[in-house]
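Throughout, protein chains are lettered first and strands after them, A, B, ... in sequence-line order, and every chain is numbered starting at 1.
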Number of protein chains: 2
Amino acid sequence: MQRTKIQDVAALAGVSVSTVSRVVNNSDYPVTAEKRDRVRRAVRELNFSPSQVARNLRTNKSKLIALVVADIANPYFAGIARAMDEFLFHEGYGLIISSTDESPDREKGILNRLRDQDVDAIVISSSGQNISLLELLHKEGFPVMLLDRNIEELHMPFIGSDNVRECCILTQYLIDKGHRSILFLAGSLDSTTGKERLQGYRKALLKNRIEYDDSLVLHGNFMRDETYRLSVDFFDNRSDRATAVVSSNNLMSEGFLEAAFDRKISIPQQYSLVSFGSIDNQRLITPILTCYRQNLEMIGKLTAQMTLQMINESSGNADVPQNLVINDVFVEGKSVGTI
Amino acid sequence: MQRTKIQDVAALAGVSVSTVSRVVNNSDYPVTAEKRDRVRRAVRELNFSPSQVARNLRTNKSKLIALVVADIANPYFAGIARAMDEFLFHEGYGLIISSTDESPDREKGILNRLRDQDVDAIVISSSGQNISLLELLHKEGFPVMLLDRNIEELHMPFIGSDNVRECCILTQYLIDKGHRSILFLAGSLDSTTGKERLQGYRKALLKNRIEYDDSLVLHGNFMRDETYRLSVDFFDNRSDRATAVVSSNNLMSEGFLEAAFDRKISIPQQYSLVSFGSIDNQRLITPILTCYRQNLEMIGKLTAQMTLQMINESSGNADVPQNLVINDVFVEGKSVGTI
DNA sequence: ATGAAAGCGCTAACAA
DNA sequence: TTGTTAGCGCTTTCAT
């Protein structure tokens, strides 16, 4: 069965294709009521709906926005994706989602693919290793928006948390509870996010005149399994070196908790934990984590809004980079004990 | 900055556009090594990469596959999406993901959108309320593949679980532990999946000569919050009517567990629970659920494979509908007590 | 107010 | 082995 095209409609309505196009697009171009009606009827009769592909080619827009993240199965990204989709759908946009698995190479491949697809914008939580490619895309006119992980030299719109501040407060919370030897689960230091969260931790130590000890920083990559391994190793060999831990994201918190569970370390009795980001199914898990909880719905919606704004601006004049720093919610749970 | 196009490459290489096209597409068409080289060099120099949009229009393929699910933030779908993306990326395909929130209207809107985008295939976990539209898409040549929820009258390829069998076994497990009054958390009965799981439950009752009691079936819609409400209501008003419960999917299990937690009902001491599908962060949650665990990685990969197969076949001859029934893994946890 | 026609960037049939 | 060219379905300029 063939797709009905604009010519078919034009023929049935007895008008030219231009007229059909005008009507279909609700152009404010003048069309007599009568023809408009004839076209509308023909459209309905033939169940016509214009090929977005042909439009794409002609107009250089695809009505497609890409979301590039480490892993769409991470509830953090899935929640944001959900909210973005919700918002974008109503604006007539579709969402292409790709996972990089934290691999810069994979990320590069994905970005190149997106370039060819002519997506209208790219929202990316980048490894931070593809700066020149992102720059190139930007130059070619792709609105690029940085999500969660900023890349400062790029001067592109960014939405994310105040990592330094929030991590500092989390650490301070532990210190206030009497902890002095605090482990830090670091995410990838190639990303601003990873760096800034570590920085927040150090800032809190400094403020409280606690000496920074490099051996208390476990270097991970924001991923659960790896954190599990690091944590098990820590428990097995140097468990007594710390009384509390600051985790850099939700997955790392999960990995740590799994390790503690397997090593029969009880939280918060033996170890206290604070987390950047809450974990999935928290209501079913003991203890409730003391953490900064991110409002995924809001982040997703704002991201979508900013992205559309970029798209519209970029067709106009200068695109003004804009940074949006989200204030997450501090949740006082039961995962921290007093010393 | 302008996109470089095939003409630019042709000019720089001193050949015709067809030659460039042939080289770029690795066509097995004969091209002399020398020209091939010249083209390759020009491609690199100009950083050329063909517009997928123009290709789409010309070839009627978009290298885009759509995944339509109730909610991409449901770990079940997110896990499948992740695995599909993994596989499809290597085959040169992108993945458009849309969430329907279980709304047939929303689903319809999404499907119409996808039609215009000319996606190469649609993978859908459908509400089951848009049969005629799915049929239309099929007639128009869109390969459609049903995921998790079958619609039998459509005779389209399907991948999913053996719902009747697995739910029957889950129920039987409870019966074997001495339970006779068993609550069933039903998903939407508009979907085959919802119906079949209920059917499996009834089958087990029948086999054991336990009378089916309609008031022990809580009618939900596969969603967490609603199940929470239904469960709380049950606990508050008719808690003593049952000693065990069969849940129709992961989210409903979570909703039930949250309700039990809030009402201080302990599992499995006061109530036993078996679940179709495991829950997120299970390792951190007590008790471990007795459930059928679905291998999302495998399901996603197989789905992607079948989809590509459909795409390739449909360009060829008859597309043979194919049903793939996954054997999930029975996990014996600690969520069931003996009576 | 309407229609004819150019052309978006590419592939592929056909010609040479 | 290579080049020329039609045309994918649409939007939009220009002429009427």
Side-chain angles (χ1 to χ4, degrees), chain A residues 1-40 42-43 46-63 92 115-120 140-141 315, chain B residues 1-40 42-43 46-63 92 115-120 140-141 315:
Chain A
M1 184 159 156
Q2 272 302 308
R3 186 181 234 294
T4 68
K5 39 192 166 194
I6 202 168
Q7 277 94 336
D8 304 331
V9 180
L12 181 60
V15 299
S16 75
V17 291
S18 352
T19 303
V20 176
S21 175
R22 281 163 195 145
V23 172
V24 166
N25 292 307
N26 281 316
S27 152
D28 43 8
Y29 217 88
V31 175
T32 51
E34 190 228 332
K35 297 215 176 193
R36 187 180 299 275
D37 255 32
R38 290 225 304 274
V39 170
R40 291 247 168 84
V43 163
L46 298 175
N47 193 17
F48 170 74
S49 163
S51 154
Q52 186 62 45
V53 173
R55 268 188 180 154
N56 291 351
L57 183 59
R58 184 56 226 236
T59 62
N60 249 322
K61 316 221 145 302
S62 65
K63 290 291 190 175
R115 190 163 89 110
D116 305 338
Q117 306 265 27
D118 256 329
V119 295
D120 288 350
E140 286 184 343
S315 62
Chain B
M1 184 162 156
Q2 274 300 310
R3 184 179 236 296
T4 66
K5 39 192 165 191
I6 202 168
Q7 278 94 336
D8 304 332
V9 179
L12 180 60
V15 299
S16 75
V17 290
S18 1
T19 303
V20 176
S21 176
R22 283 163 194 144
V23 172
V24 166
N25 293 306
N26 281 316
S27 152
D28 42 9
Y29 221 88
V31 175
T32 51
E34 191 227 332
K35 298 215 174 193
R36 186 180 302 274
D37 254 31
R38 290 226 304 275
V39 170
R40 293 245 167 85
V43 164
L46 298 175
N47 193 16
F48 169 77
S49 162
S51 155
Q52 186 62 45
V53 173
R55 267 187 182 157
N56 291 352
L57 183 58
R58 182 58 227 235
T59 60
N60 249 320
K61 316 223 144 300
S62 63
K63 288 291 190 176
R115 189 165 89 111
D116 305 338
Q117 306 265 26
D118 257 330
V119 295
D120 287 350
E140 284 184 343
S315 61

When you get a sec, tell me which of C:dG9, C:dG3, D:dG9 is the closest nucleotide to the side chain of A:Thr19? C:dG3
Any idea which of C:dG3, D:dC10, D:dG3 is nearest the B:Ser16 side chain? D:dG3
Take the protein atom CZ of B:Arg115 and the nucleotide atom P of D:dG9, then report the distance between them rounded to whole Å. 14 Å
Using atom CG of B:Asp37 as one end and atom P of D:dT1 as the other, report the distance to the nearest whole Å. 15 Å
Comparing B:Lys35 with B:Leu57, nearest DNA chain D nucleotide closer to 5' gives the residue B:Lys35
For atom CD of A:Glu140 and atom P of C:dG9, their distance in whole Å: 13 Å
Atom CD of B:Gln7 and atom P of D:dG3: how far apart are they, to the nearest Å? 14 Å
Hey, is the side chain of A:Ser18 poking within less than 4.0 Å of OP1 or OP2 on D:dT11, counting only N and O atoms? no
No-hydrogen, no-angle side-chain donor-acceptor test under 3.5 Å, B:Thr19 and B:Ser16: yes
Pick the closest DNA chain D nucleotide for A:Val17 and for B:Ala54 by heavy atoms, then say which residue is nearer the 5' end. B:Ala54
Just to confirm, is there a sub-4.0 Å distance from OP1 or OP2 of C:dT11 to any side-chain nitrogen or oxygen of B:Ser21? yes
Between C1' of C:dA1 and CZ of A:Arg38, the distance in whole Å: 13 Å
Apply side-chain contact (heavy atoms from CB on, under 4.5 Å) to the pair A:Arg115 and B:Asn47, showing each step before the final yes or no. CA-CA 12 Å; A:Arg115 190 163 89 110; B:Asn47 193 16; 3.8 Å; yes
Which distance, rounded to the nearest 0.5 Å, do you find between the NZ of A:Lys61 and the CD of A:Gln52? 11.0 Å
At under 4.0 Å between heavy atoms, what does B:Val53 touch on the DNA or RNA strands: base, sugar-phosphate, or nothing? nothing
If you check every side-chain atom of A:Arg58, which of C:dG7, D:dT1, C:dG9 has the closest atom? C:dG7
What is the separation between atom CG on A:Asp118 and atom P on D:dC10, rounded to the nearest whole Å? 18 Å
For the side chain of B:Arg22, starting at C-beta, report the closest nucleotide among D:dC10, C:dG3, D:dG3. D:dG3
Quick check on C:dC8: is either OP1 or OP2 less than 4.0 Å from any side-chain nitrogen or oxygen of A:Asn56? no
Answer with yes or no whether the side chains of B:Ser62 and B:Asp118 bring together a donor and an acceptor at under 3.5 Å. no
Looking at the side chain of A:Arg55, which of D:dC10, C:dA4, D:dG9 is the nearest nucleotide? D:dC10
Rounded to whole Å, please give me the gap between CD in A:Gln52 and C1' in D:dT11. 12 Å
Expressed as a whole number of angstroms, how long is the span from B:Asn60:CG to D:dC10:P? 11 Å
Sole candidate of A:Val20, A:Leu46, A:Val17 that passes side chain to side chain contact (heavy atoms under 4.5 Å, CB included) when paired with A:Asp8: A:Leu46
